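From a predicted model like this one, the values you see are computed outputs, not experimental measurements.
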Amino acid sequence: MKKGTKIGLGFAALALGAVVLTGCTNSFCSKTDKAHILYAFDHGVSLYYDTVEDAEEISNLVNSGYQSYVVNTNVTAVASFDVAPTLKTIIDNAKKSSYATPTLDYYIEFDKKVLDLALKAYNESEDEPVEFDNLHAEDITGVHKNNNQEILTAGLLDQYGFLKFYEKSDEKQSDKIWVKWASINNSIRMEGVVDIDECPTTDFVSYYQSQMNSRTNAYRSCIALNDGYYGNYGSNGDKTKVFISGKNWGYAWKTGPLSGLLVYPIGAAIDWLTSSMIGGVGTGWAQLIAILIVTVVVRGLLLLATFKQTAANSKMQALQPELAKIQAKYPNSNTNNYDKQRLAEETSKLYKKHGINPLGSLLIMFIQFPVFICVWGAMQGSAWLSSDAVLGLHLSDSISSVLTTWSNWSHAASTGVITALILFLVMSGAQVVAMLLPQWLQKSKMKKVQKLGKNPAQKESTNKMKWFTYIMMIMIIIMGFSLASAMVVYWLVGALISIAQTLITNAYMEKKKKK
């Protein structure tokens with residue numbers, strides 16, 4: 001292949017990769033989804049209790065430093081920055097950067113206005129009066145519509161607290177994030193309920209919003225067929241499910257062509273399979289089985305799409321002994337132009353005789369790479385995969401985040417750490433075998449070939465292929481450590497399929513060769 005052609009193909013591959021990356025990793029999260037996720041990170045500084053029944057607990061909290069205030073005759077709230085770990089972290093870091101930070105009294109007033117918003121929204125949508133002992137649900141596990149479960153088991157603020165960040169616009173304008181938060185902030189400043197020095201400065205507001213956005217933008221698990229509570233959002237020790245709206249195919253196409261063509265169908269398949277099996281095998285395991293099924297289907301379709309070229313590649317592997325004999329006839333092909341030309345002619349003749357296009361392997365890469373990125377986008381975006389855990393491991397969490405967070409190594413979370421470590425090691429081992437097995441089989445065949453002479457060009461070509469394989473293998477292992485655990489499962493199953501495919505193909509070619 002000419003140098004110019006190689007460079008052109010290289011730039012084409014980079015261009016394709018850029019298009020694929022931007023088209024397959026678009027976020028499916030709507031404005032309401034983002035507002036719910038924001039609220040999971042900052043749900044205020046208040047806890048709400050029944051004034052009479054929980055009097056002792058209220059008293060204990062006040063004695064430990066919490067500040068109490070009356071919501072109504074039946075409900076008393078206690079407030080502390082300890083209730084909001086993310087907010088507390090942002091404020092502590094802001095102080096280190098010499099920002100003036102708001103006081104607890106300011107955030108109490110903010111919580112009061114958010115509760116009023118939630119009550120108003122509830123009264124506009126529900127017939128029954130709100131029960132104040134259900135402002136926050138203790139457990140909203142598995143709250144999904146169309147799945148034989150009640151969505152109203154979530155508390156009032158779990159359902160409507162997101163209005164703290166969300167502003168509904170008219171049909172001609174898009175919905176907005178942060179507008180309502182700014183409106184509440186301004187009203188507190190204007191009313192003078194707290195001193196102006198206790199309110200946030202412009203610098204702190206910018207810092208707070210940037211910190212909150214960076215946290216929420218890291219979560220993209222919003223592909224769901226039905227409205228429901230999904231995920232594992234918030235700070236460590238304070239994580240919860242949030243409401244994610246159901247998405248249809250039309251919505252997916254608006255996020256990008258590849259999102260509609262591949263990402264959404266794969267994510268929807270995971271959602272449907274999980275919802276169908278969760279009643280029988282339970283949460284966590286249903287997601288794992290869904291990934292296994294989707295992986296087998298995707299790899300099967302890839303095999304059908306590239307079957308002709310895959311068969312040609314197998315033929316190329318089987319022809320390596322004959323190719324070695326040709327190369328041995330021209331040991332100076334790397335320095336002698338005549339030998340180089342004769343080697344190219346005889347190699348081309350051998351490939352043509354067996355109907356092989358040596359550049360066809362590029363076709364497989366051009367197909368596999370976009371599909372891989374789309375699978376990654378679907379598994380990263382699947383709302384179900386961010387929910388629940390299998391053997392203590394959330395499939396939306398990366399192996400790196402699980403193993404490098406030291407708090408995960410506590411006894412309570414050790415199951416997830418062990419699962420993540422074993423999964424990563426098994427996947428890495430399977431990838432090594434899958435990618436090196438063709439070389440091992442080829443090496444075994446080459447031992448049977450009579451050595452007619454050394455060929456430097458042959459050795460150089462072989463070494464390039466080895467290094468390419470090693471680099472790809474290392475890249476997959478590194479990405480497996482940094483991407484979602486669901487992708488590690490995908491790569492593990494894919495590696496096992498590749499191993500089986502290589503062994504079966506090799507056995508078939510050997511049998512055919514003997515005949």
Side-chain angles (χ1 to χ4, degrees), residues 35-51 53-72 74-96 99 101-119 130-141 154-165 180-181 184-185 188 193-194 198-200 204-205 207-209 211-212 215-216 219 229 231-243 407 412:
H36 278 286
I37 296 172
L38 281 167
Y39 186 70
F41 280 93
D42 181 8
H43 47 71
V45 296
S46 301
L47 297 174
Y48 303 92
Y49 293 94
D50 185 287
T51 303
E53 293 182 2
D54 301 318
E56 183 177 355
E57 186 169 357
I58 294 171
S59 178
N60 291 335
L61 289 171
V62 170
N63 291 334
S64 65
Y66 282 62
Q67 186 173 327
S68 66
Y69 64 94
V70 176
V71 176
N72 60 25
N74 299 318
V75 178
T76 297
V78 293
S80 169
F81 285 121
D82 291 335
V83 175
T86 301
L87 179 61
K88 184 179 180 181
T89 299
I90 292 174
I91 290 176
D92 289 343
N93 291 336
K95 288 179 179 178
K96 294 177 182 178
Y99 289 113
T101 58
T103 64
L104 183 63
D105 287 334
Y106 165 82
Y107 284 107
I108 288 175
E109 293 303 317
F110 213 112
D111 286 353
K112 290 178 181 178
K113 293 188 177 296
V114 172
L115 181 57
D116 288 341
L117 276 176
L119 285 169
V130 65
E131 296 180 7
F132 271 83
D133 61 350
N134 194 27
L135 295 179
H136 278 299
E138 293 182 1
D139 184 8
I140 54 175
T141 301
L156 173 75
L157 288 172
D158 298 315
Q159 296 181 66
Y160 300 108
F162 78 102
L163 295 173
K164 173 180 181 177
F165 299 99
K180 179 58 70 175
W181 186 95
I184 296 173
N185 174 55
I188 295 174
V193 182
V194 295
E198 299 183 74
C199 297
F204 177 81
V205 169
Y207 178 75
Y208 166 75
Q209 291 183 352
Q211 290 294 306
M212 288 289 289
R215 284 168 168 80
T216 55
Y219 291 86
Y229 284 77
N232 191 40
Y233 300 98
S235 302
N236 286 333
D238 188 41
K239 292 192 174 184
T240 184
K241 296 179 185 293
V242 303
F243 181 83
S407 59

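- In this structure, Glu53 has no side-chain hydrogen bond (donor to acceptor under 3.5 Å, both in side chains) partners at least two apart in sequence or on a different chain.
- We find the CZ-CD distance between Phe204 and Gln211 to be 9.5 Å, quoted to the nearest 0.5 Å.
- A heavy-atom distance below 4.5 Å is not found between the side chains of Leu38 and Trp181.
- With rounding to the nearest 0.5 Å, the separation of OH in Tyr69 from CD1 in Ile108 is 6.0 Å.
- The only option from Val62, Leu47, Leu61, Thr51 that meets the side-chain contact (heavy atoms from CB on, under 4.5 Å) definition with Ser68 turns out to be Val62.
- Minimum heavy-atom separation, Val70 to Asn72: CG1-O, 3.3 Å.
- Looking at heavy atoms from C-beta onward, Leu117 lies out of side-chain contact with Tyr160 at the 4.5 angstrom threshold.
- Considering every non-hydrogen atom in both Ala118 and Leu157, the closest pair reads CB-CD2, 3.8 Å.
- Contact check for Thr103 versus Val194: no side-chain heavy atoms found under the 4.5 Å cut-off.
- Ala40 approaches Tyr233 most closely through the heavy-atom pair CB-CB, 3.8 Å.
- Between atom OG1 of residue Thr101 and atom CG of residue Asn93 there is a gap of 11.5 Å, rounded to the nearest 0.5 Å.
- Not a single donor-acceptor pair under 3.5 Å links the side chain of Ser59 to the backbone N or O of Ala55.
- One side chain, Tyr208 or Asp42, offers a donor N or O that lies under 3.5 Å from an acceptor on the other.
- To the nearest 0.5 Å, atom CD1 of residue Ile188 and atom CD of residue Glu198 are 11.0 Å apart.
- Listed here is the closest heavy atom pair of Gly161 and Val114: O-CG1, 4.1 Å.
- A side-chain contact (heavy atoms from CB on, under 4.5 Å) with Phe165 holds for exactly one of His36, Met212, Gln209; it is Met212.
- Using a 4.5 Å heavy-atom cutoff, the side chains of Val242 and Tyr39 are not in contact.
- Ring orientation note: the planes of Phe243 and Tyr229 are nearly perpendicular, at an angle over 60° on the 30°/60° scale.
- Minimum interatomic distance between Pro102 and Pro200 (heavy atoms only, all atoms of both residues): CG-CB, 3.5 Å.
- Side chains of Lys241 and Asp158 form no contact here, defined as non-hydrogen atoms less than 4.5 Å apart.
- Put simply, CG on Asp92 and CG on Leu87 are 9.5 Å apart, with the number rounded to the nearest 0.5 Å.
- Scanning both residues, Lys88 and Asp82, for their nearest heavy atoms gives NZ-OD1, 2.7 Å.
- Residues meeting the side-chain contact (heavy atoms from CB on, under 4.5 Å) test with Asn232, sequence neighbours left out: Lys239, His394.
- Within the structure, side-chain hydrogen bond (donor to acceptor under 3.5 Å, both in side chains) pairs that include any residue of residues 104-113 comprise Ser46-Asp111, Gln67-Asp105, Tyr106-Asn185, Glu109-Lys112, Lys113-Glu191 (at least two apart or interchain).
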